[in-house]
Protein chains: 2
Amino acid sequence: MTARRPSPNARRPDAATRERLLAAATRLFAQHGFGGVSVRDIARAARANVAAVNYHFDGKLGLYRAVVHSAVQAMRSGDDAFLTAASDASPEEQLRTYVTGYLPRIASTDDRTAWIHDLMRHEMSDPTPVAPWIAEHGILPRIEYLAGIVSKLLDCRPNDKRVARCVVSIQAQCLFYRPDRFRTAAFKGWPLSDAELAAVADHIVEFSLAGIKRIATRQ
Amino acid sequence: MTARRPSPNARRPDAATRERLLAAATRLFAQHGFGGVSVRDIARAARANVAAVNYHFDGKLGLYRAVVHSAVQAMRSGDDAFLTAASDASPEEQLRTYVTGYLPRIASTDDRTAWIHDLMRHEMSDPTPVAPWIAEHGILPRIEYLAGIVSKLLDCRPNDKRVARCVVSIQAQCLFYRPDRFRTAAFKGWPLSDAELAAVADHIVEFSLAGIKRIATRQ
DNA sequence: TTGAGATTCAAACGACCGTTTAATACAATT
DNA sequence: AATTGTATTAAACGGTCGTTTGAATCTCAA
């Protein structure tokens with residue numbers, strides 16, 4: 001049994017050690033992945049003792065679970081902010097709202113609601129036991145929301161294979177603009193400016209709407 | 001100076017230790033990345049001594065360089081096999097040839113010419129000093145080939161920003177189907193069957209040609 | 001003031017990391 | 001047979017890893 005109560009008692013009255021650990025770990029895990037960060041790195045960044053990780057989170061993996069959980073929550077609450085607003089628009093406008101609301105956050109390097117994508121990138125190359133949970137709570141809801149829009153545009157059942165393929169085509173284009181350390185290090189002009197990003201969002205919407213309409217005429 | 005000559009002399013006449021190390025390291029680095037594999041893992045898989053890595057490759061990073069170099073060469077020779085054949089076709093047919101030739105290799109888990117994509121995935125989340133070299137020799141040639149096709153389809157200059165955006169839209173769709181350990185672990189029905197993959201290739205071609213034609217009418 | 005529980009801390013644990021060393025085994029040439 | 005240069009080997013080096021330990025320190029209730 002570690003500790004459970006918020007923090008009615010502590011040596012100093014400033015931000016609780018647990019919160020500092022969570023904040024530092026979120027930043028470092030998003031940047032370097034679970035295996036690329038040591039608990040000593042996290043403890044140093046949080047100005048805490050190494051043993052505090054085990055005391056407050058029951059080990060490195062427990063801290064990672066807490067980070068992932070809060071990151072998924074941050075993303076989903078960020079989605080609700082602009083997705084619910086367009087719930088009664090045409091599917092074309094819904095797709096535009098999705099992409100223009102999603103892409104700037106995807107491309108931002110300091111948007112807290114997008115850190116989950118960095119965690120997911122590391123999970124792709126080096127999965128942890130948390131991977132299935134991320135897939136279910138961090139990815140599937142988005143996929144299903146997009147599938148609803150696309151199936152209306154295709155005028156077909158949501159489980160039509162063309163829906164899944166179009167969803168991938170849209171999502172792949174958006175995710176490609178998530179900055180990573182490879183492209184930042186290897187390509188000039190990366191990451192993109194805000195103005196370019198807005199033009200890219202417009203491009204993805206037009207490109208994808210035309211693609212979907214073409215796919216709708218087939219099979 | 002380590003060794004240079006092929007292997008006129010060795011304790012045993014079987015496959016040279018250097019070649020076994022390179023083969024084992026390619027498989028392991030592609031699977032787990034540079035940081036996720038220890039030289040002891042590689043030596044064990046190659047039935048060699050740990051010190052052999054330093055003797056033949058001047059350290060772990062030297063071995064990684066050799067792996068990356070051979071993987072890029074394998075991919076480029078695989079490209080030439082089907083890209084040069086379509087050099088005088090219409091740009092539409094060239095795009096179809098590119099996608100239908102590229103996607104099955106991307107999606108294959110045992111195609112030696114596609115291991116470079118696994119190495120690149122790890123580089124994205126955790127870059128090594130080899131990252132810039134991979135970008136220049138493993139990525140740029142493909143991008144420029146695609147840009148040539150797209151600029152003909154758009155009927156504009158190759159450095160028009162719309163070209164780069166369409167290239168990303170195509171390449172992002174293709175790369176999304178590269179299997180990774182996250183999706184294999186977290187999603188059912190993954191990776192895709194050969195038949196589904198052929199249908200996906202056709203989808204990407206139709207989706208993208210329609211998208212490009214739409215973009216061609218703008219700006 | 002005292003006791004109990006929560007929290008922090010320096011230190012140590014065993015395991016693994018990449019690399020180095022020095023001795024040895026081998027084949028080909030003197 | 002002796003020498004030379006290449007290749008392999010077991011062992012050890014210093015360092016970092018995640019975790020554990022046990023004592024010290026803090027807050028708050030009795």
Side-chain angles (χ1 to χ4, degrees), chain A residues 1-25 28-29 31-68 122 126 128-130, chain B residues 1-25 28-29 31-68 122 126 128-130:
Chain A
M1 280 12 101
T2 56
R4 280 291 138 254
R5 283 206 271 136
S7 69
N9 38 10
R11 199 165 74 155
R12 284 180 302 157
D14 68 299
T17 302
R18 194 189 135 92
E19 300 307 313
R20 294 203 315 276
L21 281 172
L22 198 62
L28 290 173
F29 279 144
Q31 202 159 27
H32 301 106
F34 179 75
V37 182
S38 70
V39 295
R40 283 174 175 84
D41 291 335
I42 299 169
R44 193 180 313 118
R47 305 186 312 281
N49 187 276
V50 254
V53 170
N54 288 281
Y55 179 79
H56 286 286
F57 296 95
D58 204 26
K60 186 185 182 184
L61 187 58
L63 174 54
Y64 184 69
R65 275 188 221 275
V67 165
V68 166
H122 292 288
D126 219 47
T128 72
V130 194
Chain B
M1 277 10 109
T2 56
R4 278 293 138 254
R5 286 206 269 134
S7 70
N9 39 10
R11 200 164 76 153
R12 285 181 300 156
D14 68 289
T17 301
R18 197 189 133 92
E19 299 308 310
R20 295 202 314 275
L21 281 173
L22 197 63
L28 290 173
F29 280 143
Q31 202 160 25
H32 302 106
F34 179 75
V37 181
S38 70
V39 295
R40 284 173 174 83
D41 291 335
I42 299 170
R44 194 180 311 117
R47 303 187 314 280
N49 188 276
V50 254
V53 170
N54 288 279
Y55 179 78
H56 286 285
F57 295 96
D58 206 26
K60 186 185 181 183
L61 187 59
L63 174 54
Y64 185 69
R65 275 188 220 275
V67 164
V68 166
H122 292 288
D126 218 48
T128 70
V130 194

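A note on names: the letters A, B, ... follow the listed sequences, proteins ahead of strands, and every chain is numbered from 1.
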Exercise. Whole-Å distance between C:dA6 P and A:R18 CZ?
Worked result: 15 Å
Problem set entry | Below 4.0 Å: OP1/OP2 of C:dT8 and any side-chain N or O of A:T17 | yes
Problem set entry | Which residue lies more 5' along DNA chain D, comparing B:A52 with A:D41 via nearest heavy atoms | B:A52
Exercise. Does B:S38 put a side-chain nitrogen or oxygen below 4.0 Å from OP1 or OP2 of C:dC16?
Worked result: no
For this session: Could you check how far CG of B:L21 sits from P of D:dA7, rounded to whole Å?
Result: 13 Å
Exercise. With sequence neighbours left out, what residues match A:A45 under side chain to side chain contact (heavy atoms under 4.5 Å, CB included)?
Worked result: A:A24, A:R27, A:L28
Problem set entry | side chain to side chain contact (heavy atoms under 4.5 Å, CB included) partners of A:A66, counting only residues at least two apart | A:L22, A:F57
Exercise. For B:A23, what residues pass the side chain to side chain contact (heavy atoms under 4.5 Å, CB included) criterion, not counting sequence neighbours?
Worked result: none
For this session: Take the protein atom CZ of A:R44 and the nucleotide atom P of C:dA10, then report the distance between them rounded to whole Å.
Result: 13 Å
Report each atom pair, protein N/O against N/O of nucleotides 19-21 of chain D, whose distance is under 3.5 angstrom.
unit_1, atom_1, unit_2, atom_2, d
D:dT19, OP2, A:K60, N, 2.9

For this session: Taking side chain to side chain contact (heavy atoms under 4.5 Å, CB included) as the test, write out the residues that go with B:V68, two or more places apart.
Result: B:Y64, B:V72, B:L119, B:V130, B:W133, B:I134
Exercise. Just to confirm, is there a sub-4.0 Å distance from OP1 or OP2 of C:dA6 to any side-chain nitrogen or oxygen of A:H56?
Worked result: no
Exercise. Taking atom C1' of D:dT16 as reference, at what distance in whole Å does atom CD1 of A:I42 sit?
Worked result: 15 Å
Exercise. Tell me: CZ of B:F34 to C1' of C:dC17, nearest whole Å?
Worked result: 12 Å
For this session: Using salt bridge (charged side-chain N to carboxylate O under 4.0 Å, His left out) as the criterion, list what pairs up with A:R44, not counting sequence neighbours.
Result: A:D41
Problem set entry | Separation of D:dT8 P from B:F57 CZ (nearest whole Å) | 11 Å
